[in-house]
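First up is the structure itself, then whatever we jot down about it.
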Amino acid sequence: MTVDLGANKTVHAVQINLADHELADTAPHAPDGVDVCHSWRGIFPSHQPAEILVEISEDGREWTVVRDSRGTGADAPHAFIVLDSPQETRFVRVTGGRMPFGGTFAVSGVRVFGAGAGEAPPAWRAKAVRVDDRTARVEWEAAAGAIGYNVRYGRHPQKLYHSWLVYERTTLDLRSLNAGAEYWVAVDAFGEAGVTSGEPVPAALNAELDEQEAEKQR
């Protein structure tokens, strides 16, 4: 299987996730096992590795091997491969070797970590307004070159430990806030060339809610 990134990218790491495609058709009956999330998982005493060859290339003709576990008995169905140094890469090729019980070579995902050419998206200052005790509405302008946004929030501007990842939108309602607690929000824009962190802003109560609270106290 070959993946074309569309253009050369600076690649730092690759992860290959293999899939158990129709493995039950080739695996023998397992008398021993465990119930995992209402799914029976057999326990087999013999070693059944998943072996693969992973290569990268700039032009699709000359290839560089970054991992070859064929014939080694090493089992890595979700291999994360960090390159010795960043490499200019357009193509990633995965070749299956020995599979558990002679099963089908199947890939559920290929993740390529790195960056494209150009500049990271510009930074934007989000607007966050508390629309009720447990909800804040976050809005921001679309950033040129951004593929998506990471909306971070928390109880302190330096402790934004919760987040939402969004694509093709510039608004988000955070509906899981604690009533009566202050929150801060930042929106990071990311694209092929990198990530730009947003400035934390407070999720302030709007004037109407302030008036409602004042009325309750009278």
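Position 1 is the first residue of the sequence; numbering continues from there.
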Spell out, as yes or no, whether a donor-acceptor pair under 3.5 Å connects the side chain of Asp173 to the backbone of Arg175.
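No; zero donor-acceptor contacts below 3.5 Å.
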Under 3.5 Å: donor-acceptor pair, side chain of Arg130, backbone of Ala136
no
4.5 Å side-chain heavy-atom contact, [X] and [Y]:
X: Trp184; Y: Lys159; result: no
X: Glu182; Y: His156; result: no
X: Lys127; Y: Val201; result: no
X: Trp164; Y: Leu174; result: yes
X: Val185; Y: Trp140; result: no
X: Arg93; Y: Ser57; result: no
X: Thr89; Y: Lys9; result: no

Given a cutoff of under 4.5 Å between side-chain heavy atoms of I, L, V, M, F, W and Y, with clusters grown through shared members, what are the other residues clustered with Val110?
Met1, Val3, Leu5, Val11, Val14, Ile16, Leu18, Ile52, Val54, Ile56, Val66, Ile81, Leu83, Val92, Val94, Met99, Phe105, Val107, Val112
Pair Asp4 + Arg90: basic N to acidic O under 4.0 Å:
yes
Would you call Arg70 and Glu51 a salt bridge, taking side-chain N to carboxylate O under 4.0 Å as the test?
no
Name the orientation class of the two ring planes belonging to Tyr183 and Tyr153 (parallel below 30°, tilted from 30 to 60°, perpendicular beyond 60°).
tilted
Can you name the nearest heavy-atom pair linking [X] to [Y], along with the distance?
X: Pro121; Y: Ala189; value: CB-CB, 3.8 Å
X: Ser108; Y: Ala19; value: CB-CB, 3.9 Å
X: Ala50; Y: Asp75; value: N-OD1, 2.9 Å
X: Ala143; Y: Pro122; value: CB-O, 3.9 Å
X: Ala106; Y: His21; value: CB-CB, 3.5 Å
X: Ser197; Y: Ala123; value: O-CB, 4.1 Å

Same cluster or not: [X] versus [Y], using hydrophobic residues (I, L, V, M, F, W, Y) connected whenever any side-chain heavy atoms lie under 4.5 Å apart?
X: Tyr167; Y: Leu172; value: no
X: Leu160; Y: Val187; value: no
X: Val82; Y: Phe113; value: yes

So how far is it from [X] [atom1] to [Y] [atom2], rounded to the nearest 0.5 Å?
X: Trp63; Y: Leu53; atom1: CH2; atom2: CG; value: 10.0 Å
X: Leu165; Y: Phe190; atom1: CG; atom2: CZ; value: 4.5 Å
X: Thr104; Y: Glu22; atom1: OG1; atom2: CD; value: 6.0 Å
X: His162; Y: Arg155; atom1: NE2; atom2: CZ; value: 9.0 Å
X: Thr171; Y: Tyr149; atom1: OG1; atom2: OH; value: 11.5 Å
X: Thr2; Y: Phe91; atom1: OG1; atom2: CZ; value: 8.5 Å

So, applying salt bridge (charged side-chain N to carboxylate O under 4.0 Å, His left out) with Arg125, which one of Glu141, Glu199, Glu139 is it?
Glu199
Residues, nucleotides or ligands: over 12 heavy atoms within 6.0 Å of Arg137 CZ:
no
Mind running side chain to side chain donor-acceptor pair (under 3.5 Å) on Thr10 and Glu88 for me, showing each step along the way?
CA-CA 5 Å; Thr10 303; Glu88 290 299 305; 2.6 Å; yes
